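This report concerns only the one structure given below.
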Number of protein chains: 2
Amino acid sequence: MGRELHRVQDGATSLPTLADVAAMAGVSRQTVSNALNNPSLLRADTLERVRAAIAHLGYTPNRAARNLRTKSSRLIGLRLTPFAEDTANATIDRFVHALVQATRAADYHVLLFDGNDPADPSSGYDDLVRSTAVDAFVVTDTFKGSPQAAYLEDGGVPFVAFGRPWTPAALHPWVDVDGAAGTSAATAHLLAQGHTRIAWIGWRKDSPIGEDRRAGWSRTMHGHGLPTTGLASRVEDCVASGVEAAGVLLDEARPTAFVCASDTLATGVLHQLHARGLRPGRDVAVTGFDDAPFAQLLPGGLTSVRQPVEEVAVQVVDRLGKLLTHREVFASGTLLEPTLVVRGSSER
Amino acid sequence: MGRELHRVQDGATSLPTLADVAAMAGVSRQTVSNALNNPSLLRADTLERVRAAIAHLGYTPNRAARNLRTKSSRLIGLRLTPFAEDTANATIDRFVHALVQATRAADYHVLLFDGNDPADPSSGYDDLVRSTAVDAFVVTDTFKGSPQAAYLEDGGVPFVAFGRPWTPAALHPWVDVDGAAGTSAATAHLLAQGHTRIAWIGWRKDSPIGEDRRAGWSRTMHGHGLPTTGLASRVEDCVASGVEAAGVLLDEARPTAFVCASDTLATGVLHQLHARGLRPGRDVAVTGFDDAPFAQLLPGGLTSVRQPVEEVAVQVVDRLGKLLTHREVFASGTLLEPTLVVRGSSER
DNA sequence: CGCTCGCACTAGAACGTTCCAACGGTACGT
DNA sequence: ACGTACCGTTGGAACGTTCTAGTGCGAGCG
């Protein structure tokens, strides 16, 4: 009832408009508009009448018209890069799901666009915002020197970053996860298990995220009076690199545990252990980062640092809302704590 | 150059409109509109002049206004259910990435919305289409009796399904992957490896997708004159079920190989083998379905059937385009072939 | 009583685009 | 020479909403 489409004479279907509702309720269009957007302005009986008409006609406001008039689309843009097959990184996918959930509560929707051309950071962003297709962006790839962030800041485009601004002069809101705290928790966990020679396998030095995560390990080691010299390796983020780095470290430094900057690298370590007949957890402990789905699916399981992406998404949307309503650009950030999920790869 | 925003007197920024371009080029608004949408209507020199003005002003058409006038948004809606942690299923995520790529070429964008309330199939869909927020939908979850598909068909909402219509009377375009062909290939591969006692672990009988995949296995077994009695198990799609089913089958039917309806179930089998000290590939072969990222990350690797989601996305968008331009609703479908990715879990 | 104030509501304009009907001009056929 | 057709272009209307400036009316106050 009331959900039927309004039929016009030639059999084609068309949707009811504000004017239709207004006519039925015996009020002006503006009053109907107010009933939807500022109900408190109406007298109780009028509101009731308008609402009855809306329900009876099955009226839904036309987004295009509303967008045109208000110059906003209630759409948040997110650039999605092609699926990375060879890494275990599912964080972006978890984040997409979480963002969809979080935006719903704020009556926003997520618009995905293509990030195929990393050479041109403005590609995609520019057209979308200039055509009023989206109100703002969520930027997730601030790590690679973040050309997007700088570009968007220059253009005055509203956005919130998932990831800290690693350039000093950046002035935008951001939400991030404390990677150092995560690796620190992993290291402390291994220390509690009795390990003292704990190695690090991370990314190359030009990755600020990698250096952050590394800092958690080294800080905690030093905090316990343990040396880190010769126990660290910095490689590409792929399984093969993890295998190789683990091999070198096992031969030269004889660690009894590995803290890794990613699940992908941790997977490489597990492969190396497998090849040498060493048992994960019992002989050598391993921890990863990101808690990819397969971390819990591996036989025994992989201990990993889990990012609270749901909370990140909620915070991002919250900041986005403030940014878009108050029009204040305040460059504050929030740092969230990850949690360590302990599984078989780090317990005897 | 030409990418600056047009500044108005009070310092606020506003974007150039068709009228601005028309004034600069010395033509009417309609001519500028034609220059963008029907360039062939213009004389060469006029077109040149208009294009120069567009470039100089950095003009981008306003989507909201265009959407309002044309009653279309060039947005495709996709309902995204919450992230499933405990299964290995990354197919939906791969598909999202692929769809973003595919829609780009057709100048569409993907709008994600929430699928939190499975009880009400119309939840979300209805508002989006009635408010002209999206032109059409891609429906991915046709498997559970697909209430969405029926609802959308009744409402005359354009959509294309990723997945066959399992109800006989369905009349909508669809694209799907031939699951039976995939399990058939897996079974044939195991037969070629010398296995004859090949077990099946699949889903409960009420899943048409599961029955389809199962048919590929049984068809191929029978085609080689091999019995299937006692070699099949139907369980929930989770790791624990896979472990249990593999245990029961190993005890009672003594298979030397397992074909599974999902990577999740295959993972369960691997766990069972691990617990019994049996080596995947050498002692007992295992194949999965969906080629989740961890299939290639596992030590040795998991042989799996890979769905060509990129091709699915392209086909879906193609059909969507036809549906939206020609307005013809022809209920034809396309069945694509999956490929078997052979890894260590099925080779000695 | 007259004035102001606030309440509930209204009429018209505006947002920026595309659709529609029509324009003047040239080329063609009869 | 005249009607017809087409080409390139134009001005005005329309899409459905919200913004702006107001209207009528009753209450409060000197």
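All of these numbers come straight from a predicted model, not from anything done at the bench. Quick note on labels: first sequence line is chain A, next is B, and so on, each numbered from 1.
Residue side chain R69(B) reaches the base of dA14(D) through a donor-acceptor N/O pair under 3.5 Å, judged by distance alone.
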* **Stepwise salt bridge (charged side-chain N to carboxylate O under 4.0 Å, His left out) check, R49(B) with D45(B)** => CA-CA 6 Å; R49(B) 207 151 28 97; D45(B) 60 330; 5.2 Å; no
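Side-chain contact annotation: R29(A) with T17(A), donor-acceptor N/O pair under 3.5 Å absent. There is no side-chain donor-acceptor pair under 3.5 Å between R66(A) and S131(B).
A sub-4.0 Å separation between OP1 or OP2 of dT10(D) and a side-chain N or O of S28(B) is present.
The side chain of K71(B) has dC15(D) as its nearest neighbour among dC15(D), dT18(D), dT10(C). Out of dT18(D), dG11(D), dG16(D), the shortest distance to the side chain of R66(A) is found at dT18(D). Distances from the side chain of Q30(B) to the nucleotides dG16(C), dT18(C), dC19(C) place dC19(C) closest.
Rounding to whole angstrom units, CZ of residue R29(A) and C1' of dT17(D) are separated by 8 Å. Across the protein-nucleic acid pair, N67(A) atom CG and dT17(C) atom C1' stand 14 Å apart, rounded to whole Å. To the nearest angstrom, P of dG16(D) lies 7 Å from CG of L68(B). The CG atom of L18(B) sits 15 Å away from the C1' atom of dG12(D) (whole-angstrom rounding).
Among the atoms of the strands shown, only primed sugar atoms or phosphate atoms (P, OP1, OP2) are found under 4.0 Å from some heavy atom of T17(A). Using a 4.0 Å heavy-atom criterion, one finds that R63(A) contacts no nucleic acid atom at all. If you check every strand for non-hydrogen atoms under 4.0 Å, T31(B) touches a base.
For R164(B) (side chain) and V177(B) (main-chain N/O), a donor-acceptor pair under 3.5 Å exists by modelled atom type. Between the side chain of N38(A) and the backbone N or O of L41(A), no donor-acceptor pair lies under 3.5 Å. In this structure a side-chain-to-backbone donor-acceptor pair under 3.5 Å is present from R130(A) to G58(B). In this structure a side-chain-to-backbone donor-acceptor pair under 3.5 Å is present from H97(B) to T81(A). Between the side chain of D135(B) and the backbone N or O of S73(B), at least one donor-acceptor pair lies under 3.5 Å.
Between F95(A) and F162(A), the angle of the ring planes lies from 30° to 60°, which puts this pair in the tilted group.
For the helix from dC1(C)-dG30(D) to dT30(C)-dA1(D), the rotation axes defined at the first and last 5 base pairs enclose an angle of 50°, given to the nearest 10°.
Each of G26(B) and P61(A) lies near DNA chain D, and the nucleotide nearest G26(B) is the one positioned closer to the 5' end.
DNA chain D lies under 4.0 Å from at least one heavy atom of each of the following residues of residues 33-51 of chain A: S33(A), N37(A).
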